[in-house]
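First the structure, in the form of structure tokens, and then the observations on it.
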Amino acid sequence: MDVAERAGVSKSLVSLVLRDSPRVSDERRQRVLKVVQEMGYELNLAARSLATRESGTIGVLVSDLHNPWAFDVADAARTVLEESGHTVLFSAVTATGRGVDQSILQAFRDLRVAGLLVVGTVPDTAPFSRAVGGGAVVFVGGGPDYIDTADVVRSDDALGMAMVVDHLITQGHENIVHLGGLGGSVGRARVDGYSAAMEEHGLDRHIQVVDADFFQESGYVAAQRALTSSRSRSQRPTALACINDLAAIGAMTAADERGVEVAITGYDNIALGAMPRLGLTTVDPDSSTIGVLGANTLLGRINDDGDSFVHHTVTPQLVVRTSSLLGL
């Protein structure tokens, strides 16, 4: 005996209930769900999507599993998406020399997901749009290069890094080196913010960018280079403005090993940076708001396929801790 026969309803009505359709009355919905529970029926998402050509599933793809910031964004988005009645599936998506790894995109394509939320920077938006057949895709936390081709929610990275420079200058620093520049458009935006702020304060002669990306090891190596490239103590940078918190933690390690006292700042406001031992001054991009806005933008796109792309820029805030409050 199947669910429909036992509940005394049609198979099409059971299908509507399992799809959470609003066209079913509460009384009949509860009758079907009670039978489903009694029979231990488990919904097969892949089978349902093949049969109905639609899915209540949303994919959340994270481009950098090493960065806690991405999980802060994804978790905030998950809450909104699940409260909307969708099933949320998480996965990593990696970029290779040939572009985005297609295996996970094929899996979501097979499931016919209702939409994709992509967290972090990816090299190209097209593979994700193809994975949902040109449907709903929203990119959150990446750089500005997608704004003409996709829905985007992002932090104002240039403004955030300018806030860092302004703060360091109020602490008496002039020789401020930026560890960053790599990592795609986010890295470039943060370099732009650093350079513009240095120029605004008349410190063009001190502008220096040492290549680093979003990893702790990269920050360590970049800090070693920045702290050893100067011929004299007077030429050595007194502050290192890092591309993100993980790079800043690597820079702290390098400075400690050399016994050098230098102000260090990060970006992303991950929980680790708030530990008293680190006390990392950083930029809070408001990850929760980015995640919530991203989820709501995706839901709006699923329900209303408008022509114009949506672009939300979230204003960051500076969080001052002890790592930047060193005497000169």
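All values reported here derive from a predicted model rather than from experimental measurement.
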_Could you see if Leu272 belongs to whatever hydrophobic cluster contains Trp69? Use Ile, Leu, Val, Met, Phe, Trp, Tyr and a side-chain cutoff under 4.5 Å._
yes
*Determine yes or no for a side-chain-to-main-chain donor-acceptor pair under 3.5 angstrom, with Asp75 supplying the side chain and Phe71 the backbone.*
no
*asked:* So, taking the atom named OG in Ser195 and the one named CG in Leu203, what distance separates them when rounded to the nearest 0.5 Å?
replied: 12.0 Å
*Does Ala247 offer a backbone N or O that forms a donor-acceptor pair with the side chain of Asn244 under 3.5 Å?*
yes
*Judged by atom type as modelled, is there a donor-acceptor pair below 3.5 Å linking the side chain of Ser323 to the main-chain atoms of Ile264?*
yes
*Specify the closest pair of heavy atoms between Pro316 and Ser155, including all atoms of both residues, with the distance to one decimal.*
CB-OG, 4.0 Å
*asked:* Can you tell me how far apart CD1 (Ile169) and CD (Glu200) are? Round to the nearest 0.5 Å.
replied: 8.5 Å
*Is any side-chain heavy atom of Met198 less than 4.5 Å from a side-chain heavy atom of Ile176?*
yes
*State whether the side chain of Thr281 and the backbone N or O of Arg321 hold a donor-acceptor pair below 3.5 Å, judged by distance alone.*
yes
*Under the side chain to side chain contact (heavy atoms under 4.5 Å, CB included) criterion, do Ser324 and Val320 qualify, and how do the steps go?*
CA-CA 7 Å; Ser324 63; Val320 178; 4.2 Å; yes
*Do Leu89 and Val60 come close enough that some side-chain heavy atom pair is under 4.5 Å?*
no
*asked:* Using the rule given for side chain to side chain contact (heavy atoms under 4.5 Å, CB included), can you reason through Ile207 versus Glu199, listing the C-alpha separation, both sets of side-chain angles and the distance that settles it, and then say yes or no?
replied: CA-CA 8 Å; Ile207 292 177; Glu199 290 175 0; 3.8 Å; yes
*Indicate yes or no: at least one non-hydrogen side-chain atom of Pro285 is less than 4.5 angstrom from one of Val314.*
no
*Out of curiosity, does Val292 fall in the hydrophobic cluster containing Ile58 (side-chain heavy atoms, cut-off under 4.5 Å, transitive links)?*
yes
_Heavy-atom donor-acceptor pair, Thr170 side chain to His167 backbone, under 3.5 Å_ = yes
*asked:* Taking the ring centre of each residue, are Phe139 and Phe128 less than 6.0 Å apart?
replied: yes
*Locate the shortest heavy-atom distance separating Pro68 from Leu246; write the atom from each residue and the value.*
CD-CD1, 4.2 Å
*What's the verdict on side-chain hydrogen bond (donor to acceptor under 3.5 Å, both in side chains) for Thr282 and Asp245, showing C-alpha distance, side-chain angles and the deciding distance?*
CA-CA 7 Å; Thr282 185; Asp245 289 350; 2.7 Å; yes
_Exercise: identify the closest heavy-atom pair between Ala70 and Val62_ = CB-CG1, 3.5 Å
*List the steps and the verdict of side chain to side chain contact (heavy atoms under 4.5 Å, CB included) for Arg154 and Thr313.*
CA-CA 5 Å; Arg154 54 182 291 269; Thr313 303; 4.2 Å; yes
*Would you say Arg205 has more than 12 foreign heavy atoms packed within less than 6.0 Å of its CZ?*
yes
*asked:* Could you measure the distance from the CG atom of Leu105 to the CG atom of Leu61? Nearest 0.5 Å is fine.
replied: 6.5 Å
*asked:* Here's one to test your reading of the geometry: is the NZ or CZ of Arg190 within 45 degrees of the ring axis of Tyr267 and under 6.0 Å from its centre?
replied: yes
*State whether the side chain of Ser218 and the backbone N or O of Asp213 hold a donor-acceptor pair below 3.5 Å, judged by distance alone.*
yes
_When you compare the side chain of Val260 with that of Arg236, does any pair of heavy atoms fall below 4.5 Å?_
yes
*In a check of side-chain hydrogen bond (donor to acceptor under 3.5 Å, both in side chains) between Thr238 and each of Glu174, His173, Glu261, which one passes?*
His173
*State, yes or no, whether a side-chain contact exists between Val118 and Val137 at a heavy-atom distance under 4.5 Å.*
yes
*Short side-chain to backbone donor-acceptor contact, Ser63 and Val119, under 3.5 Å*: yes
_Can you see whether Tyr220 engages Gln216 through a side-chain donor-acceptor pair at a distance of less than 3.5 angstrom?_
no
_According to a hydrophobic-cluster definition based on side-chain heavy atoms being under 4.5 Å apart (Ile, Leu, Val, Met, Phe, Trp, Tyr only), do Leu182 and Val177 belong together?_
no
_Taking the side chain as everything from C-beta on, heavy atoms only, tell me whether Val140 gets closer than 4.5 Å to Val73._
yes
_Minimum-distance pair of heavy atoms, taken over all atoms of Thr265 and Ala241_ = OG1-CA, 3.3 Å
*Can you hop from Met252 to Ile270 via hydrophobic side chains spaced under 4.5 Å?*
yes
*Donor-acceptor pair, Asp284 side chain versus Val319 backbone, under 3.5 Å?*
no
_Which heavy atom of Ala248 sits nearest to which heavy atom of Gly266, and what is that distance?_
CB-CA, 3.9 Å
*CG/Leu81 to NE2/His86 distance, rounded to the nearest 0.5 angstrom?*
7.5 Å
*Kindly indicate, with the supporting measurements, whether the criterion side-chain hydrogen bond (donor to acceptor under 3.5 Å, both in side chains) is fulfilled by Asp166 and His201.*
CA-CA 8 Å; Asp166 291 346; His201 288 281; 2.8 Å; yes
*Do you know which of Leu298, Leu117, Val138, Thr125 makes side-chain contact (heavy atoms from CB on, under 4.5 Å) with Asp151?*
Val138
*Tell me whether Val132 is reachable from Leu111 by hopping between hydrophobic residues (I, L, V, M, F, W, Y) whose side-chain heavy atoms are closer than 4.5 Å.*
yes
*Can you name the closest pair of heavy atoms from Leu278 and Gly273 and give their distance?*
CB-O, 4.0 Å
_Pairwise distance CZ(Arg188) to OG(Ser185) - rounded to 0.5 angstrom_ = 5.5 Å
*asked:* Taking the side chain as everything from C-beta on, heavy atoms only, tell me whether Tyr194 gets closer than 4.5 Å to Val209.
replied: yes
*Apply the test side chain to side chain contact (heavy atoms under 4.5 Å, CB included) to residues Leu179 and Ile243: give CA-CA distance (whole Å), side-chain angles for both, the deciding distance (0.1 Å), then the verdict.*
CA-CA 6 Å; Leu179 308 187; Ile243 186 173; 6.0 Å; no
*Go through the structure and list residues passing ring pair (Phe, Tyr, Trp, His ring centres under 6.0 Å) with Phe215, not counting sequence neighbours.*
His66
*Would you please name every residue forming a side-chain hydrogen bond (donor to acceptor under 3.5 Å, both in side chains) with Glu217, sequence neighbours left out?*
none
_Any heavy-atom pair between the side chains of Thr297 and His312 that's under 4.5 Å?_
yes
_Would you compute the distance between atom OG1 of Thr253 and atom CZ of Arg258 and round it to the nearest 0.5 angstrom?_
13.5 Å
